[in-house]
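In what follows, a single structure is set out as structure tokens and then discussed.
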Protein chains: 2
Amino acid sequence: MNESEDRLDRAFLALADPVRRSLIARLSRGEATVNELAEPFVISKQAVSRHIQVLEAAGLITRTRDGQRRPCHLAPAALESLTAWIDTYRLIAERQYRRLDTVLNTMKEKES
Amino acid sequence: MNESEDRLDRAFLALADPVRRSLIARLSRGEATVNELAEPFVISKQAVSRHIQVLEAAGLITRTRDGQRRPCHLAPAALESLTAWIDTYRLIAERQYRRLDTVLNTMKEKES
DNA sequence: ACCGTAATCAACCTATCTGTTTATCAACTA
DNA sequence: TAGTTGATAAACAGATAGGTTGATTACGGT
């Protein structure tokens with residue numbers, strides 16, 4: 001039960017689809033229902049509905065109830081946890097590269 | 001030919017696997033060969049080799065040649081482009097939420 | 001109560017992912 | 001040159017992703 005690993009799996013997988021990224025982009029401008037979200041797409045509303053379920057299961061969006069509507073809202077905190085994961089390793093790697101640069105420059109100086 | 005969309009697809013999909021994320025974590029501490037990367041895993045070296053190909057196709061790592069070895073290096077720039085994408089929409093959404101808070105607070109003030 | 005609408009469920013199809021095993025390629029070493 | 005080692009290719013099997021269509025649930029309006 002690697003809960004946090006599973007969460008990362010689901011979140012990154014959720015973002016690995018252009019339709020779902022497009023839904024995220026749309027929701028960043030404010031809440032929207034399934035019908036509203038599905039409108040611009042060629043695929044069926046059912047397909048969009050399942051994309052939304054994927055995003056919700058990944059914790060990237062939340063849903064409220066308003067009569068028969070189920071408005072979707074973006075969950076910025078979940079997005080932040082993804083950038084946090086990525087940045088952890090990016091920053092370590094960048095430090096490595098800077099250190100390597102320093103070593104190379106030192107060697108070059110000693111040469112001359 | 002949505003090249004940049006395809007790149008995002010491949011990059012996020014590449015991160016949607018615990019083995020590949022583990023490889024990223026390892027590579028953040030410095031370059032490593034396929035054998036070195038495969039050693040801690042239970043799965044076969046061939047499987048790890050293909051995970052590495054996925055990471056390379058996604059642009060998340062690069063490879064050099066050193067005799068019969070093919071050392072892998074992390075590509076921080078690619079990771080940065082991912083955080084840039086996520087942060088774009090996260091920040092917009094956060095602004096939305098702050099604006100909503102402001103509206104709600106204003107309404108509360110007028111009430112009293 | 002009835003009808004329309006928002007949304008989902010269920011069954012099905014196809015393509016892709018991820019692992020395996022076996023075989024092959026390419027480079028170093030004695 | 002023969003043998004070893006790093007790495008990959010090829011072919012296969014099982015699981016899952018993502019689309020379709022048709023049926024169903026649940027709420028609202030008249």
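Everything numeric in this text was worked out from a predicted model, so none of it was measured. Residue numbers start from 1 in every chain, and the chains themselves are labelled A, B, ... in the order their sequence lines are given, proteins ahead of strands.
- The main-chain N or O of Pro18(B) is never found under 3.5 Å from a side-chain atom of Ser22(B) such that the two would form a donor-acceptor pair.
- Under the 4.0 Å criterion applied to side-chain N and carboxylate O atoms, Lys45(B) and Glu39(B) are not assigned as salt-bridge partners.
- The side chain of Gln53(A) approaches dT8(C) more closely than any other nucleotide in the set dT8(C), dA6(C), dA7(D).
- Note: Leu15(B) CG to Leu82(A) CG = 9.0 Å, rounded to the nearest 0.5 Å.
- Nucleotide dA7(D) holds its P atom 8 Å from the CD1 atom of Ile52(B), rounded to whole Å.
- Residue Leu74(B) holds its CG atom at 6.5 Å from OH of Tyr97(A), rounded to the nearest 0.5 Å.
- Listed by residue number, Arg63(B), Gln68(B), Arg69(B), Arg70(B) are the residues of residues 61-73 of chain B with a heavy-atom contact under 4.0 Å to DNA chain D.
- Minimum atom distance to the side chain of Ile43(A) is reached by dG19(D), of the listed dG19(D), dA7(C), dT20(C).
- In plain terms, the two heavy atoms of Arg63(B) and His73(B) that are nearest each other are CA-CD2, 4.3 Å.
- Rounding to whole angstrom units, CG of residue Leu13(B) and C1' of dA15(C) are separated by 13 Å.
- Atoms CZ (Phe41(A)) and P (dG18(D)) sit 13 Å apart, rounded to a whole Å.
- Remark: P of dA7(C) and CD of Glu39(A) are 13 Å apart, rounded to the nearest angstrom.
- Using modelled atom types, one side-chain atom of Arg21(A) and one backbone atom of Glu5(B) make a donor-acceptor pair closer than 3.5 Å.
- As rounded to whole Å, 13 Å separates atom P of dA7(D) from atom CD of Glu56(B).
- Phe12(B) and Val19(B) fall within the same hydrophobic cluster, where Ile, Leu, Val, Met, Phe, Trp and Tyr residues are linked whenever their side-chain heavy atoms come under 4.5 Å apart, directly or through other members.
- Closest contact between the side chain of His51(A) and the listed nucleotides dC17(C), dT18(C), dG18(D) involves dG18(D).
- Taking atom CZ of Arg20(A) as the reference point, atom P of dA17(D) lies 9 Å away to the nearest angstrom.
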Every protein N/O lying under 3.5 Å from an N/O of nucleotides 22-25 of chain D:
| from | atom 1 | to | atom 2 | distance (Å) |
| --- | --- | --- | --- | --- |
| dG22(D) | O6 | Gln46(A) | NE2 | 2.7 |

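- One interatomic measurement links the two molecules: CG of Asp6(A) to P of dT16(D), which rounds to 13 Å at whole-angstrom precision.
- Judged by distance alone, with hydrogens and angles left aside, Lys45(A) brings no side-chain donor or acceptor close enough to the base of dA6(C) to form a pair under 3.5 Å.
- Rounded to 10°, the helix from dA1(C)-dT30(D) to dA30(C)-dT1(D) has 20° between the axis fitted to its first five pairs and the one fitted to its last five.
- Annotation: the span from Leu91(A) atom CG to Leu79(B) atom CG amounts to 9.5 Å, rounded to 0.5 Å.
- Taken to the nearest 0.5 Å, the CG atom of Asp66(B) stands 9.5 Å off from the OG1 atom of Thr33(B).
- Here the side chain of Ser49(A) is nearest to one of dA7(C), dT8(D), dG18(D), namely dA7(C).
- Without hydrogens or angle criteria, Arg20(A) side chain to Leu13(A) main chain gives a donor-acceptor distance under 3.5 Å.
- The OG1 atom of Thr64(B) sits 11.5 Å away from the CZ atom of Arg69(B) when rounded to the nearest 0.5 Å.
- If you check dT21(D), dG18(D), dT18(C) against the side chain of Ser44(A), the one that comes closest is dT21(D).
- In the set dA11(C), dT8(D), dA7(C), the nucleotide with an atom closest to the side chain of Asn35(A) is dA7(C).
- In terms of heavy atoms, Pro40(A) sits closest to Leu37(A) at CD-O, 3.1 Å.
- Protein atom CG of Leu55(A) is 11 Å distant from nucleotide atom P of dG18(D), rounded to whole Å.
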